[in-house]
Amino acid sequence: MKTFVCKVDDYTKYELTDSEILNIKPTISKDGNAILIVNYYDFEYCINHTIYCERIDVITKAVED
């Protein structure tokens, strides 16, 4: 199973699974910084959300049988 850790800033991060992420779009902010726009489905509230990430780290966890 893969977990995507989206870092918004030094203090804020989101952990999303591959089943939650709808799409990821790279873009440039008004300040000229590269960012990632992540659209995901929040299963807890049953709505779509958008977050703006500075980077995404992927963590692969082994699935036990």
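The distance from atom OG of S19 to atom NZ of K2, rounded to the nearest 0.5 Å, is 13.5 Å. The distance from the OG1 atom of T27 to the NZ atom of K25 is 6.0 Å, given to the nearest 0.5 Å.
Cluster partners of I21, by chain and number: F4, V8, Y14, L16, I24, L36, V38, Y40, I51, I56, V58. The rule joins Ile, Leu, Val, Met, Phe, Trp and Tyr whenever side-chain heavy atoms lie under 4.5 Å apart. Grouping Ile, Leu, Val, Met, Phe, Trp and Tyr residues whose side-chain heavy atoms lie under 4.5 Å apart, directly or via other members, places I59 in a hydrophobic cluster with V5.
In this structure, the side chains of I28 and I35 stay at 4.5 Å or more apart for every pair of heavy atoms.
Applying the disulfide (SG to SG under 2.5 Å) definition to pairs two or more places apart or across chains, those involving residues 6-49 are C6-C53. Each salt bridge (charged side-chain N to carboxylate O under 4.0 Å, His left out) pair with one or both residues in residues 35-55, not counting sequence neighbours, appears once here: R55-D57.
Heavy atoms from other residues, nucleotides or ligands lying under 6.0 Å from OH of Y45 number 12 at most.
Judged as a side-chain hydrogen bond (donor to acceptor under 3.5 Å, both in side chains), and not counting sequence neighbours, T3 has no contacts. Scanning for side-chain hydrogen bond (donor to acceptor under 3.5 Å, both in side chains) contacts around D18 gives an empty result, with sequence neighbours left out.
When every heavy atom of E20 is checked against every heavy atom of E15, the shortest pair comes out as OE1-O, 4.1 Å.
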